[in-house]
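What follows is a short report on a single structure.
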2 protein chains.
Amino acid sequence: MTTGAGQAAPGRGSGAGLSRSQVLDAGMEILETEGIDGLTIRGLAGKLGVAATAIYWHVGDKHALLDGLAERVIGELGAVSVRGRDPVTRISSVARSLRATLLERPDLVALVHRQGRIAALFQPARRVLVRELTAAGVDGASAALAVQAVLNLVIGSVLLDRQVERQPTQRETPEELWSIADAPDAPELLEHLSHPIDEEELFDYTLAAVVRAVVQP
Amino acid sequence: MTTGAGQAAPGRGSGAGLSRSQVLDAGMEILETEGIDGLTIRGLAGKLGVAATAIYWHVGDKHALLDGLAERVIGELGAVSVRGRDPVTRISSVARSLRATLLERPDLVALVHRQGRIAALFQPARRVLVRELTAAGVDGASAALAVQAVLNLVIGSVLLDRQVERQPTQRETPEELWSIADAPDAPELLEHLSHPIDEEELFDYTLAAVVRAVVQP
DNA sequence: ACCTGAACACCGTTCAAGT
DNA sequence: ACCTGAACACCGTTCAAGT
């Protein structure tokens, strides 16, 4: 009733009756095995043993289907854990745990992003971060800003994960990308530039810089 | 010859002969007017007055077409400008100018992201940042890390632009999202949380924190 | 070398019709 | 209320055939 087409909750199945949640269950399964391109109305209906048009009755069109699935992902992946004693540790732990969770399902996060529901995905983390920042003595406009800064770091890190190296069909090796002219008299830097960076190290580095700036202004 | 299917460069048009670059030109036009979902092989062929199969000859299949278009975007949007005297100002100006350029065409950036070519898009900026950091006395592993940290901020900011508020079909108003329990005794914070944040201010805030951490370790 | 036409195997969506 | 079948208007892609 929140988003779908069916105006009344189907109730507990009257025999062989299909329900909205059963459709979303099956959709979720296809999404995780075949990927988002493998999820089709017809394929979903086939998996459920009904005509394609039955999907329209229970969840609406494809956009509504994706919205419903995004909502599930939000419920499943939005949770965060906090640990540590001082504010800096606790805030960092929220960011790191959320990042770790989301990195296990990058395609599901991409779906939420595609549906424009990232804000909803982050709402639990936002609440926790607000609490921690308040406890650390930060509030007002700078607290609101700080929360979003930390969360942007997380989602940016997840959306860009594994993006860095995928150079399709191109033979641009790192050796070609960087020449001695780019870093004269700095062979060590050149060496580091030509190797893929450790994404977790990068995240921790940036996070530390931001959290430090947030807590001690 | 870099990516496409045609093995020899078509040369200058022999009369009515179609060329790879003409196809990409038309593709680019459709991309900017109709969006990525409006770009189809058949529609592209129709615009050029040829059969759909002619596209396959010149650029290959749809993936190759999108790759070719991404390559164009990389060439057009990758450039950066540097201004300012001190390192902090110059590094920040690179990040801000790149962000501003990319924000004008978020859908084109999304295409580059989709095709896994973000690294290529950022290569010019990387070169400039490496130079500036070296001049500022930063090098080795921390310079490589710092460059990527700044660039991740930029792309994250662009990919998330306008994502924050899009709450589709849902009636979750900010008033419902946040209750007094989330920020007890802090009405000012609550006020800020319920309003959409200024994305540019957020970017500048985070960028300043990172650049500061980078230049003065 | 370059392009067409026909064909195949898919899509999402609508709508009248059934029970 | 719930579901089917047929139909429409699309897709991307392959392949034999033309010039």
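Naming: A, B, ... by sequence-line order, numbering from 1 per chain.
A:Leu18 places its CG atom 10 Å from the C1' atom of D:dC3, with the value rounded to the nearest Å. Atom CD1 in A:Ile55 sits roughly 19 Å away from atom P in D:dA1 (whole-Å rounding). Distance B:Lys62 NZ to C:dA9 P: 21 Å, rounded to the nearest Å.
Residues satisfying the side-chain contact (heavy atoms from CB on, under 4.5 Å) criterion with A:Asp25, sequence neighbours excluded, are A:Arg72. Residues meeting the side chain to side chain donor-acceptor pair (under 3.5 Å) test with B:Ser21, sequence neighbours left out: B:Ser19. With sequence neighbours excluded, the residues that form a side-chain contact (heavy atoms from CB on, under 4.5 Å) with A:Thr101 are A:Leu77. By the salt bridge (charged side-chain N to carboxylate O under 4.0 Å, His left out) test, B:Asp198 is found to be paired with no residue, residues two or more places apart in sequence or in another chain being considered. Partners of A:Leu103 under the side-chain contact (heavy atoms from CB on, under 4.5 Å) rule, at least two apart in sequence or in another chain, are A:Arg99, A:Val158, A:Asp161. Every side-chain contact (heavy atoms from CB on, under 4.5 Å) that B:Arg127 has, sequence neighbours left out, goes to A:Trp178, A:Asp182, B:Gln123. Judged as a salt bridge (charged side-chain N to carboxylate O under 4.0 Å, His left out), and not counting sequence neighbours, the contacts of A:Arg96 are A:Asp204. Listed by chain and number, the residues in a salt bridge (charged side-chain N to carboxylate O under 4.0 Å, His left out) with B:Lys47 are B:Glu29 (sequence neighbours excluded).
Contact between the side-chain N/O atoms of B:His58 and the OP1/OP2 oxygens of C:dC3 is found at a separation under 4.0 Å.
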message: Each nucleotide in nucleotides 14-19 of chain C should get exactly one letter: B, S or -. Can you fill that in based on protein heavy atoms under 4.0 Å?
response: BB----

For residues 34-45 of chain B, dump all side-chain donor-acceptor pairs below 3.5 Å to protein atoms at least two apart in sequence or in another chain.
residue	atom	partner	partner atom	Å
B:Thr40	OG1	B:Gly43	N	2.8

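For C:dA9 and D:dA9, the P atoms lie 22 Å apart once the distance is rounded to whole Å.
Contact check for B:Thr206 versus A:Leu153: side-chain heavy atoms found under the 4.5 Å cut-off.
Of the residues in residues 35-49 of chain B, B:Arg42 come within less than 4.0 Å of DNA chain C through at least one heavy atom, sorted by number.
Put simply, the side chain of A:His113 never gets that close to the backbone of A:Leu108: no donor and acceptor are under 3.5 Å apart.
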- prompt: For DNA chain C, what is the dot-bracket line, given that a base pair needs Watson-Crick (N1 to N3, plus N6-O4 or O6-N4) or G-U wobble (N1-O2 and O6-N3) geometry with both distances under 3.5 Å, and | means paired with another strand?
  reply: ||.|||||...|||||.||

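Of the candidates D:dA1, C:dA1, C:dT13, D:dA1 carries the atom nearest the A:Trp57 side chain, counting heavy atoms from C-beta on.
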